Each structure stands twice: as structure tokens, then as C-alpha cells.
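Data block below; observations after.
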Amino acid sequence: MAGDGKLAGILEPNDELCHMENNLYVKSSELDYPSVGQLAMQLEQNNIQPIFAVTENMKDVYMELTKMIPKSEVGVLSSDSKNVVQLIEGAYNKLSSKVTVTHDILPDNVRVEYMPVCAHPKQEGPNKGVCDEVQVGHE
């Protein structure tokens, strides 16, 4: 977690750059861990949609994390982890059936609001239009 580096005297925030040499991260004693915000931004920029496969006792923690990381899902592993394929399949289907329309920064004199018109609309604020459970062939 960002800030944990202080325990080891590491005060430099993470610079979000790759510091790999010979398959080893070489800045672990110089740079702190990235923050959730930094991680979310990198995932978004690289169009990565994480699926967290966790045990039941960690579910609530990761559900809170998905609120901060767009396009992420949580699935609970069975005690023997035999459901991992179904878990990933289900999470992928949820991610791929959610359509979100949003925008970047607008000029001061322009205002855009979204009102999703679909079978399963979700209101996630005026700057985002979301339709959930969109199946192939549906509008």
C-alpha cells in the first residue's frame, strides 16, 4: 500500500515507471508502492480490466477496491479453487456486458449530461452514462 515504504525509510513516491532489469524490480529500496489512484490510472490508460479472484474473507476489501478501480470485478474462489475458470468467465461477462459513455475535460461553456436509455440503466453521476447487462444484439 502506498505509504508503507515509510516503515523502511522509503519516502520517495512511486514514479509510475518500469524499473525492471533482468526480470527484477530494482527500485524497491528507493520508491514507495504506487497508490490505488496511480494503479487505477495506469490500468485505465492501458485498457486493462482486472478481475480479482479472492477468498470469501477478503471479498469486502476487494469490493471496496473495485469502487476505486474502474472496469474491475471481484469473484470469490471456492475453498479448493476449482471454480477459477467459472469465476473469470462470469466476471468477464459482467465486464463485457457493461457499456459506459463518458467524456474528458470540457470547455467551461459546454455541459454534457448522460441519460442512459436501455433495459438496465445505471445512474453513476451526470458525467457518465451506463447500461448494464447489455447482451449481443441489444441496443
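Values in this document were obtained by computation on a predicted structure and should not be read as measured data. All values below were derived from every heavy atom in this structure, side-chain atoms included, with hydrogens, water molecules and symmetry-related copies excluded.
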Filter on disulfide (SG to SG under 2.5 Å), then keep only pairs touching [range], sequence neighbours left out; what's left?
range: residues 56-139; value: Cys118-Cys131
range: residues 23-89; value: none
range: residues 22-101; value: none
range: residues 21-94; value: none

Just do the side-chain contact (heavy atoms from CB on, under 4.5 Å) check on Asn47 and Lys71 with the steps written out, would you? CA-CA 9 Å; Asn47 198 26; Lys71 300 178 191 170; 4.2 Å; yes
Before giving the answer on side-chain contact (heavy atoms from CB on, under 4.5 Å), spell out for Leu87 and Ile51 the whole-Å C-alpha distance, their side-chain angles and the decisive distance to 0.1 Å. CA-CA 9 Å; Leu87 181 152; Ile51 298 171; 4.2 Å; yes
Would [X] end up clustered with [Y] when hydrophobic side chains under 4.5 Å apart are linked, directly or stepwise?
X: Met41; Y: Val36; answer: no
X: Ile10; Y: Val26; answer: no
X: Val76; Y: Met58; answer: no
X: Ile48; Y: Tyr62; answer: yes
X: Val54; Y: Leu65; answer: yes

Between [X] and [Y], which heavy-atom pair has the shortest distance, and what is it?
X: Ser78; Y: Lys82; answer: OG-N, 3.3 Å
X: Lys122; Y: Pro116; answer: O-CG, 3.8 Å
X: Met68; Y: Ala40; answer: O-CB, 3.6 Å

Are the side chains of [Y] and [X] in contact, using a 4.5 Å heavy-atom criterion?
X: Val130; Y: Lys128; result: yes
X: Leu77; Y: Val84; result: yes
X: Glu16; Y: Asn14; result: yes
X: Ile69; Y: Pro50; result: yes

N/O donor-acceptor pair under 3.5 Å between Gln42 side chain and Leu39 backbone: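 Not at all, since once roles are kept as given, no pair shorter than 3.5 Å links the two residues.
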Side-chain heavy atoms under 4.5 Å apart, restricted to Ile/Leu/Val/Met/Phe/Trp/Tyr: what other residues fall into the cluster of Leu106, or is it alone? Val101, Val110, Val112, Tyr114
Please write out which residues are connected to Met20 in a hydrophobic cluster, directly or through intermediates, given that two of Ile, Leu, Val, Met, Phe, Trp, Tyr count as joined at side-chain heavy-atom separations below 4.5 angstrom.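 Listed partners: Tyr25, Leu31.
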Residue pair Asp32, Glu12: steps toward the side-chain contact (heavy atoms from CB on, under 4.5 Å) verdict: CA-CA 6 Å; Asp32 196 6; Glu12 189 71 29; over 6 Å; no
Thr66 vs Glu73, side-chain contact (heavy atoms from CB on, under 4.5 Å): CA-CA, chis, key distance, verdict: CA-CA 6 Å; Thr66 61; Glu73 283 294 326; 5.8 Å; no
Residues Lys98 and Asp132 bridged, charged N to O under 4.0 Å: no
How long is the gap from [atom1] on [X] to [atom2] on [Y], to the nearest 0.5 Å?
X: His19; Y: Leu24; atom1: NE2; atom2: CG; result: 14.5 Å
X: Asp104; Y: Asn127; atom1: CG; atom2: CG; result: 11.0 Å
X: Glu30; Y: Asp15; atom1: CD; atom2: CG; result: 10.0 Å

Tell me whether Phe52 at atom CZ has more than 12 heavy atoms from other residues, nucleotides or ligands lying less than 6.0 Å away. yes
